[in-house]
Novice: 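Handing you a structure now.
We're numbering straight along the sequence, starting at 1. First listed ligand is number 1; within each ligand, the first listed atom is number 1.
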Amino acid sequence: MAGTVATFRIPAQLTVGCGAVETVGAETKRLGGTRAFVIADPNLQKTGVADRVMASIQSQGVEARLFTEVEPEPSVPSVMAAAAAAREYRCDVLVGIGGGSALDTAKATTLLTRNSGTIEDYFGIGLVQQRGVPTILIPTTSGTGAEITPNSLFFVPALQEKKAVVSPHTIPEVAIVDPLLTLTVPPKVTAATGMDALSHAVEAYTSVNASALTDLYALEAIRLIGAHLRTAVANGSDLRAREGMARASCYAGIAIGNAGTNIVHALAYPLQGQHRITHGVANSLLLPYGMEFNALSNLCKFAAVAEALGEPIVGLSPRAAAAKSAEACRLLSLDVGIPQRMREVGIRQEHIGALVDGAMKMTRLWANNPRQVSAEEAKAILEKAL
Ligand SMILES: NC(=O)c1ccc[n+]([C@@H]2O[C@H](COP(=O)([O-])OP(=O)(O)OC[C@H]3O[C@@H](n4cnc5c(N)ncnc54)[C@H](O)[C@@H]3O)[C@@H](O)[C@H]2O)c1
Ligand SMILES: [Fe+2]
C-alpha cells in the first residue's frame with residue numbers, strides 16, 4: 001500500500017439515516033426523471049415499502065411502474081425479463097430497492113437501457129460502454145453493499161456458475177441507506193447478510209489493493225459488525241443494532257468497491273454456483289479458514305481485525321494476536337446460528353475437486369489476495385472447512 005496511487009469511487013450522492021427512503025421521490029425528480037421503473041424485492045410489497053416508494057415518486061409528478069419479479073440470487077433469464085420490461089416502459093430513471101438480489105437486477109437493467117445485447121455480453125471487467133439511465137439504489141438488507149459497488153452478480157444456469165459484471169458505469173447516481181427498512185429482515189437473513197458484510201470488510205482491509213481510504217471504511221465496518229450483529233439477529237427490532245449494521249454494510253461496500261474481495265469470495269462462489277448455497281452462508285463458511293491461511297501475509301492487519309472485533313490483544317505476540325481474528329469470526333458466526341462446516345449444507349469429499357476447479361477460475365479475486373494460493377492449497381483449505 002505504501003507509496004501507491006489509489007482511485008476511490010463511490011456514488012455521487014449517499015443519503016444515510018432513519019427515514020432516508022422518503023427522499024426517493026424528490027431524487028427521481030432531481031435526476032430529471034419523468035418515467036421511473038421501480039425494481040423491488042417481492043417481500044417489500046408485503047411490508048408496504050414498495051407502495052410507499054411508488055407514492056413518494058408519484059407525489060413529485062413522476063410516472064412510475066413497479067416490477068417485483070426479482071429472483072433470489074438472480075439468474076440471467078430473470079434479469080433479462082426485468083430489462084425487457086424496463087425497455088418496453090421506456091423509463092428515464094430507475095429505482096432498485098431490496099437486498100443484493102434486487103439491487104443487482106436493477107444494475108443489470110439500468111445498463112441494458114443504454115447498452116445493446118444481453119447481460120452476458122458484459123460479464124467481465126470494464127466491458128460496459130456507457131452509463132444507463134440515472135439510478136437510485138436502496139438496500140433493505142445489511143450485507144452486500146451492492147448500492148455502492150461497481151459489481152453485480154448473476155447465476156448462469158447452463159454453466160452452474162455465478163458471473164460478474166464489473167464496471168464503474170454500474171455505480172448508481174444515488175444510494176439511499178435507511179436502517180428502518182431492515183427492521184423486517186428475518187434473523188437467518190440478518191445473520192447471513194451480516195457475515196457477508198464482515199467478509200467484505202476483512203477481505204478489503206487485507207487486500208493488496210487496500211488504501212488509506214478503504215482501510216478507514218473497512219476497519220470501522222468490522223468494528224460495527226462486532227458491536228451490532230449479535231443484537232440485530234437476537235432482536236431484529238433493536239434500531240441501534242440495525243443502524244449499526246446498515247452503516248457497516250455500506251462502509252464495507254465502499255471498501256470492496258475500491259479494494260475488492262479475495263480468498264473468501266473466490267472459494268465461496270462455486271458453493272453458490274454448483275450447490276446453490278446462499279451468498280452470505282457460503283462466505284461465512286469459508287471466512288475463518290481463508291483468514292487463517294492469509295494471516296501470515298500481514299500479522300499487524302489481522303491483529304487489528306481481532307481488536308476491532310473486541311478481542312483483547314494487549315500483551316500477545318503479533319502471531320497470536322492475528323490468530324485471534326479468525327477465531328473471533330468463527331465465534332460470531334456460531335453465535336448468530338450459521339452452519340460451521342460445509343458438510344452441514346450437504347457438501348461431501350467427492351464435491352471438493354469441482355469446487356477447487358471453480359475457485360481457481362476466480363482470477364479476478366485471486367489478484368487481490370495478499371498470499372499466493374495454489375490449487376493444492378485451495379483444496380486443503382476447502383477440506384478443512386468440510
Ligand atoms: N453487487 C454486489 O456488490 C454484491 C455483493 C455481495 C453479494 N451480492 C449478491 O447479492 C445477492 C444476495 O443479496 P442479499 O444477501 O441481500 O439477499 P437477497 O437480496 O437474496 O435477500 C434475501 C431474502 O431477504 C428478503 N428480504 C430482503 N429485504 C427484506 C426486508 N427488508 N424485509 C424482509 N425480507 C427481506 C428477500 O426477499 C429474500 O428472501 C447474491 O446474488 C449475491 O451474489 C452482490
Ligand atoms: Fe459478498
Novice: How far is atom 22 (C) of ligand 1 from the closest protein heavy atom, and which atom is that?
Specialist: V189 CG1, 3.9 Å
Novice: Run the contact test for K46 against ligand 1 with a 4.0 Å cut-off on heavy atoms, strictly below, and give the result.
Specialist: no
Novice: Is the shortest distance from a Lys or Arg side-chain nitrogen in E161 or K361 to a carboxylate oxygen in the other one below 4.0 Å?
Specialist: yes
Novice: Any nitrogen or oxygen of H200, side chain or backbone, less than 3.5 Å from one on ligand 1?
Specialist: no
Novice: So, do F154 and E73 sit near enough that their side-chain heavy atoms are less than 4.5 Å apart?
Specialist: no
Novice: Out of V49, L137, D104, L44, who is nearest to atom 9 (C) of ligand 1 when you count heavy atoms only?
Specialist: D104
Novice: Measure across W366 and A359 and return the closest heavy-atom pair with its distance rounded to 0.1 Å.
Specialist: NE1-O, 2.8 Å
Novice: When you measure from atom 14 (P) of ligand 1 to every protein heavy atom, which one gives the shortest distance, and what is it?
Specialist: G100 N, 3.5 Å
Novice: Number the atoms of ligand 1 from 1 as they appear, then name those within less than 4.0 Å of a heavy atom of T184, with their elements.
Specialist: 30 (C), 31 (N), 32 (N), 33 (C)
Novice: Please determine if K324 and E327 form a salt bridge, counting it only when a charged side-chain N lies under 4.0 Å from a carboxylate O.
Specialist: no
Novice: Hey, are T149 and K107 close enough side-chain-wise for a donor-acceptor pair under 3.5 Å?
Specialist: yes
Novice: Identify the closest protein heavy atom to atom 40 (C) of ligand 1: which residue and atom is it, and at what distance?
Specialist: K162 NZ, 3.5 Å
Novice: Hey, does T47 come in under 3.5 Å of ligand 1, counting only N/O atoms on both sides?
Specialist: no
Novice: Do any N/O atoms on T193 end up under 3.5 angstrom from N/O atoms on ligand 1?
Specialist: no
Novice: Evaluate S101 for polar contact with ligand 1, using N/O atom pairs at a separation under 3.5 Å.
Specialist: yes
Novice: Determine the interplanar angle of the Y89 and F37 rings, folded into 0 to 90°, and report it as parallel if under 30°, tilted if 30 to 60°, perpendicular if over 60°.
Specialist: tilted
Novice: Strictly distance-based, threshold 3.5 Å: is any side-chain N or O of Q130 a donor or acceptor partner for the main-chain N or O of R114?
Specialist: yes
Novice: Check D196 and report its N/O/S atom nearest to the Fe ion (ligand 2), by atom name.
Specialist: OD1
Novice: With atoms numbered from 1 as shown, which atoms in ligand 1 lie under 4.0 angstrom from a non-hydrogen atom of A146?
Specialist: 1 (N), 2 (C), 3 (O)
Novice: Considering non-hydrogen atoms of the protein only, which is the closest contact for atom 5 (C) of ligand 1, and what is the distance?
Specialist: T144 O, 3.4 Å
Novice: Please give the atom name: the N, O or S atom of H279 nearest to the Fe ion (ligand 2).
Specialist: NE2
Novice: Any idea which part of D196 is under 4.0 Å from ligand 1, heavy-atom wise: side chain, backbone, both or neither?
Specialist: side chain
Novice: Let's go through S207 and N262 carefully: what are the C-alpha distance in whole Å and the side-chain angles of both, what is the deciding distance for side-chain hydrogen bond (donor to acceptor under 3.5 Å, both in side chains) to 0.1 Å, and is it a yes or a no?
Specialist: CA-CA 7 Å; S207 163; N262 48 59; 4.6 Å; no
Novice: N/O to N/O below 3.5 Å, does that happen between L181 and ligand 1?
Specialist: yes
Novice: Of the protein's non-hydrogen atoms, which lies at the shortest distance from atom 25 (C) of ligand 1, and what is that distance?
Specialist: N43 ND2, 3.7 Å
Novice: Considering only protein heavy atoms, which is closest to atom 21 (O) of ligand 1, and at what distance to one decimal place?
Specialist: T141 CG2, 4.3 Å
Novice: Of all the atoms in ligand 1, which lie at a distance below 4.0 Å from a heavy atom belonging to G99?
Specialist: 16 (O), 19 (O)
Novice: Output the list of atoms in ligand 1 that are nearer than 4.0 Å to some heavy atom of T149, sorted by atom number.
Specialist: 1 (N), 2 (C), 3 (O)
Novice: How wide is the angle at the Fe ion (ligand 2) between NE2 of H265 and NE2 of H200, to the nearest 10°?
Specialist: 100°
Novice: Salt-bridge test for R30 and E27: reply yes if a basic N is under 4.0 Å from a carboxylate O, no otherwise.
Specialist: yes
Novice: Compute whether any side-chain donor of one residue and acceptor of the other, for S325 and E311, lie under 3.5 angstrom apart.
Specialist: no
Novice: Are K379 and E376 within salt-bridge range, i.e. N to O under 4.0 Å?
Specialist: no
Novice: Please find the pair of heavy atoms, one from Q372 and one from E377, that lie closest to each other, and give the distance.
Specialist: O-OE1, 3.6 Å
Novice: For ligand 1, is any non-hydrogen atom under 4.0 Å from V185's backbone (N, CA, C, O), its side chain (CB onward), both, or neither?
Specialist: both
Novice: For ligand 1, indicate whether the residue H279 contacts it via side chain, backbone, both or neither (heavy-atom separation under 4.0 Å).
Specialist: side chain
Novice: Are any of the side-chain nitrogens in E173 or R131 under 4.0 Å away from the carboxylate oxygens of its partner?
Specialist: yes
Novice: With only distance considered, is N151 within less than 3.5 Å of ligand 1 through an N or O on each side?
Specialist: yes
Novice: Using a strict cut-off of 4.0 Å, indicate which atoms of ligand 1 neighbour a heavy atom of L153.
Specialist: 4 (C), 8 (N), 43 (O), 44 (C)
Novice: Assess the residue pair K163 and E120 against the criterion (salt bridge (charged side-chain N to carboxylate O under 4.0 Å, His left out)); give the C-alpha distance rounded to whole Å, side-chain angles, the decisive distance to 0.1 Å, and a yes or no.
Specialist: CA-CA 9 Å; K163 294 268 194 186; E120 287 164 291; over 6 Å; no
Novice: Apply side chain to side chain contact (heavy atoms under 4.5 Å, CB included) to the pair I136 and I176, showing each step before the final yes or no.
Specialist: CA-CA 7 Å; I136 301 168; I176 299 177; 3.8 Å; yes
Novice: Just distances here: any N/O of P186 and N/O of ligand 1 closer than 3.5 Å?
Specialist: no
Novice: Just distances here: any N/O of D41 and N/O of ligand 1 closer than 3.5 Å?
Specialist: yes
Novice: Should you measure from each heavy atom of E73, which atoms of ligand 1 turn up under 4.0 Å away?
Specialist: 12 (C), 40 (C), 41 (O)
Novice: Check this for me: R87, atom CZ, are more than 12 non-hydrogen atoms of other residues, nucleotides or ligands nearer than 6.0 Å?
Specialist: yes
Novice: Just need the protein heavy atom nearest to atom 29 (C) of ligand 1, so name the residue and atom and give the distance.
Specialist: T140 OG1, 3.7 Å
Novice: Short N/O distance, under 3.5 Å, between Y269 and ligand 1?
Specialist: no
